[in-house]
Amino acid sequence: MARPDTATVWGWLDQVPDPEIPVISVVDLGIIRDVAWDDDTLEVAITPTYSGCPATSMINMDVETALRDHGVEKIRLRQQISPPWTTDWLSAKGRAKLEEYGIAPPNAAGGPEHCPQCGSKDVEKVSQFGSTPCKAHWRCLSCLEPFDYFKCI
Amino acid sequence: MADNALFQFLLRMGDNTLVLGHRVSEWCGKAPVLEEDIALANTALDLIGQTQMWLGYAAELQGEAKTADDLAYLRDVWDFRNLLMLERPNLDFGHTMMRQYLFDAYHHLLLGKLAGSSDPRVAEIAAKSVKEAAYHLDRSGETVVALGDGTAESHRRMQDALDLLWPFAGEMFLADDVDDAMAAAGIAPELAALKAEWESSVRATLRDASLTVPDDDFAHKGGKTGRQHTEHLGHMLAQMQFLQRAYPGASW
């Protein structure tokens with residue numbers, strides 16, 4: 001096949017959902033660090049969110065499958081841990097989708113700006129750890145709904 | 001020798017996170033409340049993730065096509081280099097959290113310094129890990145204060161835990177040839193300097209927790225050098241390594 005340019009490949013990867021939070025893509029999450037051709041091999045650099053994140057191997061498989069489906073034959077996935085992943089790399093599109101899905105996006109103040117359900121600012125932390133390593137468990141004191149907050153790291 | 005010292009240093013880092021990660025994971029499904037259960041499982045997960053990076057680097061240095069899994073599952077007690085404190089059984093929740101706090105305070109401080117290591121691989125693993133250690137320390141410190149300064153029952157349990165664990169904390173700062181070689185090469189910090197910082201922050205937290213630090217600074221040793229582990233590590237490995245021992249090379 002003809003070598004697709006890297007912008008096209010980024011577009012394909014933006015269609016690969018995060019396995020834990022399927023409303024956002026692996027590109028939105030900021031874990032795809034680089035896409036480059038090395039001769040006829042496509043090299044993709046991926047960084048883990050948390051070092052023990054159990055979704056890492058699933059993400060690698062999903063990325064490889066998506067690229068194969070687009071006809072790329074030679075693929076090399078490289079794990080890159082430096083610089084370490086930060087929630088600053090979440091895309092604006094990703095943050096909006098998280099909120100729509102009911103997960104409060106990360107906030108530099110260290111807690112959610114408001115309840116993703118009803119918008120109230122009257123919220124409290126239940127636990128620093130939530131349903132996945134990257135989320136904390138919060139509760140809204142207005143609508144009384146519990147919700148996940150994407151931790152800022 | 002220099003390479004061997006680095007290998008030993010990496011085993012110490014990776015065995016600490018592996019052994020503590022396994023111990024903490026033993027709480028999964030039976031912690032006192034659901035939030036604590038989830039927090040403990042997530043902490044264990046972070047520690048096992050960090051283990052993959054430390055032991056992965058150690059295995060590369062070792063060559064012979066070894067992997068982090070070989071080091072984790074196919075070494076026996078005498079080859080482990082973790083601190084004795086971390087292989088102790090969990091006992092009650094208070095003891096588990098006190099052990100976690102004493103280690104987190106050290107781990108967070110150490111990783112912060114290692115992020116500036118002269119060895120780029122060590123620096124990048126530490127820079128990744130220190131972000132997670134910051135969360136662990138926040139939580140274990142808050143829990144130690146809440147329970148130490150809580151009810152008469154929780155206070156008693158936390159004081160008992162501190163009395164039991166304090167003689168194991170000193171091993172973190174006992175320097176030997178490996179530590180000296182790492183400090184001389186700029187790979188890791190001097191442990192003596194680390195100790196002063198650790199003590200001042202830990203003593204302040206324990207004061208907030210209304211707990212009394214034992215006077216005696218006797219320190220049990222033998223874990224990080226591998227000279228003499230406690231009887232508990234063998235039992236832990238028998239469980240942790242069972243599958244690879246019974247079915248060598250099994251994978252899924």
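This structure is a prediction, so every number in the text was calculated from the model and none was measured. Proteins get letters first, then strands, A, B, ... in listed order; numbering begins at 1 in each.
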Margin query: I'd like to know whether NZ of A/Lys93 has more than 12 heavy-atom contacts from other residues, nucleotides or ligands below 6.0 angstrom.
Written below: yes
With only heavy atoms counted, which part of [X] is less than 4.5 Å from chain B, the side chain, the backbone, both or neither?
| X | value |
| --- | --- |
| A/Thr86 | both |
| A/Cys152 | backbone |
| A/Thr49 | backbone |

Checklist line | Donor-acceptor under 3.5 Å (B/Lys128 side chain, A/Pro83 main chain) | finding: no
Notebook entry, point to check: Is the side chain of A/Lys151 donor-acceptor paired with the backbone N or O of B/Tyr135 at a distance under 3.5 Å, no angle test?
Noted result: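 It does not hold such a pair.
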Reported [atom1]-to-[atom2] distance for the pair [X] and [Y], which is rounded to 0.5 angstrom:
| X | Y | atom1 | atom2 | value |
| --- | --- | --- | --- | --- |
| B/Glu124 | A/Ser82 | CD | OG | 5.0 Å |
| B/Ile38 | A/Lys135 | CD1 | NZ | 11.0 Å |
| B/Asp46 | A/Phe129 | CG | CZ | 6.5 Å |

Item checked: Interface moiety of B/Ile125 toward chain A, non-hydrogen atoms closer than 4.5 Å ->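 B/Ile125 touches chain A through backbone and side-chain heavy atoms alike.
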Checklist line | Residue B/Glu35 versus chain A: region with a heavy atom under 4.5 Å | finding: both
Checklist line | Shortest non-hydrogen separation from B/Ala127 to A/Pro84 and the atoms involved | finding: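 Scanning both residues completely, I find the closest heavy atoms to be O-CG, 3.8 Å.
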Next item on the list: Would you name the heavy atoms of B/Lys131 and A/Ile153 that are closest together and state the gap between them?
Entry: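 The pair with the smallest heavy-atom distance is NZ-C, 3.6 Å.
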